[in-house]
Amino acid sequence: MDNKASIGGVAHGGAGQIAAVVKQLMDDNAVRLPHDGRNGGAPLPSHEEVGKIISLSRRLLFPGFFGASGLNEANLLYHTGIAVEELFNTLRSQIAAGLAFGHDRERPLCEDAREIAVEFMRSLPGLRSVLFADARATYIGDPAATSVDEVIFCYPGLRATVNHRVAHRLYELGVPVIPRMISEQAHRDTGIDIHPGATIGSEFVIDHGTGVVVGATSIIGNNVKLYQGVTLGARSFDRDENNNPVKGVPRHPIIGNDVVIYSNSTVLGRITIGDGAVIGGNLWVTEDVAPGEKLVQARPDNILRFKQ
């Protein structure tokens, strides 16, 4: 049998079935489109453009490591100016799309988006300072690291931290959706899942990183080190009259300064881990840990607590 005739016969014979599928897909009860209330039919945020925001931010925060190679003192100003303009324009359009996401607004989106984009751009020097402190702390704490440059260029923990600090700043500025898209891109690329709402101090280190989870209301102090598989999570959720979880309630841990949490440990609930505490690996922690306290597991059924 001729292949073309066979294919045509199948297509012709299946036309009614295909039409039925189309009808089912168009069923009003089954179709879910983006919220009808979106301002003026504005476009959805673009994953590609949000990825560009991170790429351009990384180029400006660590010039020469990302983006154009061969930067030097003679051409740095030129390349910086181009990247700043491109980042600002991309931010403005994506912030406007984020602001329109599921919200009615009386004020023109372009005005708010421009103001937020300007405010974010003004944050870049401060972000660079804190991220360099993160990179330096990672180098100092990792005997395998040969230089701060290697950390900046290669380490997934710092890559995820860059995304988080950019996302968190946009989150602070009240931008919907875009911060979460940025955090999920880091999650996809590194296996590290940090909610953009988490507050993280300086000299933050994620060693190895795969499987690290930091919840939305977590507060992390300065000079904190997390190893792979660490979870800062919620123990339980307050529920409303319809038995749905109540949003926005602080439910994740508060981690003090100079804390180390080793691999695969889970810290749950709005508890406090005091300054200088050390939590050993493979522990389940649901109670406060005093400053300077060290938790280790001597046997599977016995957790030891003692002061350093």
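Quantities reported herein were computed from a predicted structural model and do not represent experimental measurements.
- Note that CZ of F65 is 10.5 Å distant from CG of L71, once rounded to the nearest 0.5 Å.
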Could you walk me through whether D258 and N223 satisfy the side-chain hydrogen bond (donor to acceptor under 3.5 Å, both in side chains) test, starting with their C-alpha distance in whole Å, then the side-chain angles of each, then the deciding distance to 0.1 Å, before giving a yes or no? CA-CA 5 Å; D258 308 311; N223 192 33; 2.8 Å; yes
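- M181 approaches P45 most closely through the heavy-atom pair SD-CB, 3.7 Å.
- Atom CD of Q94 is separated from atom CG of L44 by 10.0 Å, given to the nearest 0.5 angstrom.
- Contact between P196 and P179 at its shortest, heavy atoms only, is CB-CB, 3.7 Å.
- With sequence neighbours excluded, no residue forms a side chain to side chain donor-acceptor pair (under 3.5 Å) with T286.
- The CG atom of L232 sits 9.0 Å away from atom OG1 of T266, with the distance rounded to the nearest 0.5 Å.
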Is there a side chain to side chain contact (heavy atoms under 4.5 Å, CB included) between L295 and V285? Walk through the geometry before answering. CA-CA 9 Å; L295 272 61; V285 182; 4.0 Å; yes
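- Between K294 and V296 the shortest side-chain heavy-atom distance falls below 4.5 Å.
- Following chains of ILVMFWY side-chain contacts shorter than 4.5 Å, one cannot reach L76 starting from F66, and the two form parts of different hydrophobic clusters.
- Y78 belongs to a hydrophobic cluster whose other members, connected by ILVMFWY side-chain contacts under 4.5 Å either directly or through intermediates, are I82.
- Counting heavy atoms from C-beta outward, V230 and Q228 have side chains that stay 4.5 Å or more apart.
- Between V212 and T210 the shortest side-chain heavy-atom distance does not fall below 4.5 Å.
- For E85, the CD atom counts as loosely surrounded, since its 6.0 Å shell holds 12 or fewer non-hydrogen atoms of other residues, nucleotides or ligands.
- Annotation: F153, atom CZ; neighbour count of heavy atoms from other residues, nucleotides and ligands within 6.0 Å does not exceed 12.
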Quick one: do R270 and V249 satisfy side chain to side chain contact (heavy atoms under 4.5 Å, CB included)? Show the steps, please. CA-CA 10 Å; R270 195 61 164 185; V249 176; over 6 Å; no
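- Taking every heavy atom of both residues into account, D112 and L99 meet most closely at CB-CD1, 3.8 Å.
- Residues forming a ring-ring contact (aromatic ring centres under 6.0 Å, His included) with Y262 (at least two apart in sequence, or on another chain): Y227.
- Here R188 does not pair with E184 in a salt bridge; the nearest charged N to carboxylate O distance is not below 4.0 Å.
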Starting from the C-alpha separation in whole Å, work towards a yes-or-no answer on side-chain hydrogen bond (donor to acceptor under 3.5 Å, both in side chains) for H252 and S218. CA-CA 5 Å; H252 299 98; S218 300; 4.6 Å; no
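- S123 and R169 form a side-chain donor-acceptor contact under 3.5 Å, judged by distance and modelled atom types alone.
- Taking the ring-ring contact (aromatic ring centres under 6.0 Å, His included) definition, one finds that F62 meets it with nothing, sequence neighbours left out.
- To the nearest 0.5 angstrom, L127 atom CG is 15.5 Å from F132 atom CZ.
- Considering L61, I54, L56 in turn, I54 is the only one that fulfils the side chain to side chain contact (heavy atoms under 4.5 Å, CB included) rule with R58.
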Tell me, with the steps shown, if L87 and L124 meet side chain to side chain contact (heavy atoms under 4.5 Å, CB included). CA-CA 11 Å; L87 176 57; L124 286 172; 4.1 Å; yes
Would you sort out whether V50 and Q185 count as a side chain to side chain contact (heavy atoms under 4.5 Å, CB included), showing the intermediate values? CA-CA 9 Å; V50 170; Q185 288 189 5; 4.0 Å; yes
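- Closest of all the heavy-atom pairs between S183 and I194 is CB-O, 3.3 Å.
- The ring-ring contact (aromatic ring centres under 6.0 Å, His included) test applied to H208 returns no partner, not counting sequence neighbours.
- Residue A198 comes nearest to V214 through the heavy atom pair CB-CG1, 3.8 Å, listed as atom of the first residue, atom of the second, then distance.
- With rounding to the nearest 0.5 angstrom, the CD1 atom of I273 is 13.0 Å from the CD1 atom of I219.
- Looking at V259 and D275, their side chains never come closer than 4.5 Å, going by heavy atoms from C-beta outward.
- Residue I254 is not grouped with residue L268 when hydrophobic side chains (ILVMFWY) are merged at heavy-atom distances under 4.5 angstrom, including chains of intermediate members.
- A heavy-atom distance below 4.5 Å is found between the side chains of I178 and V175.
- Side chains of I271 and E287 form no contact here, defined as non-hydrogen atoms less than 4.5 Å apart.
- The backbone N or O of L60 lies less than 3.5 Å from a partner atom in the side chain of R128, making a donor-acceptor pair.
- In this structure, L170 and L91 have side chains that are in contact, with non-hydrogen atoms separated by less than 4.5 Å.
- With sequence neighbours excluded, the residues that form a side-chain contact (heavy atoms from CB on, under 4.5 Å) with E150 are A145, T146, S147, C154, Y155.
- Counting all heavy atoms, side chain and backbone alike, S202 lies closest to D134 at C-OD1, 3.8 Å.
- For the atom pair OH (Y171) and NE2 (H195), the distance works out to 5.5 Å, reported to the nearest 0.5 Å.
- The closest side-chain heavy-atom distance from T161 to I206 is below 4.5 Å.
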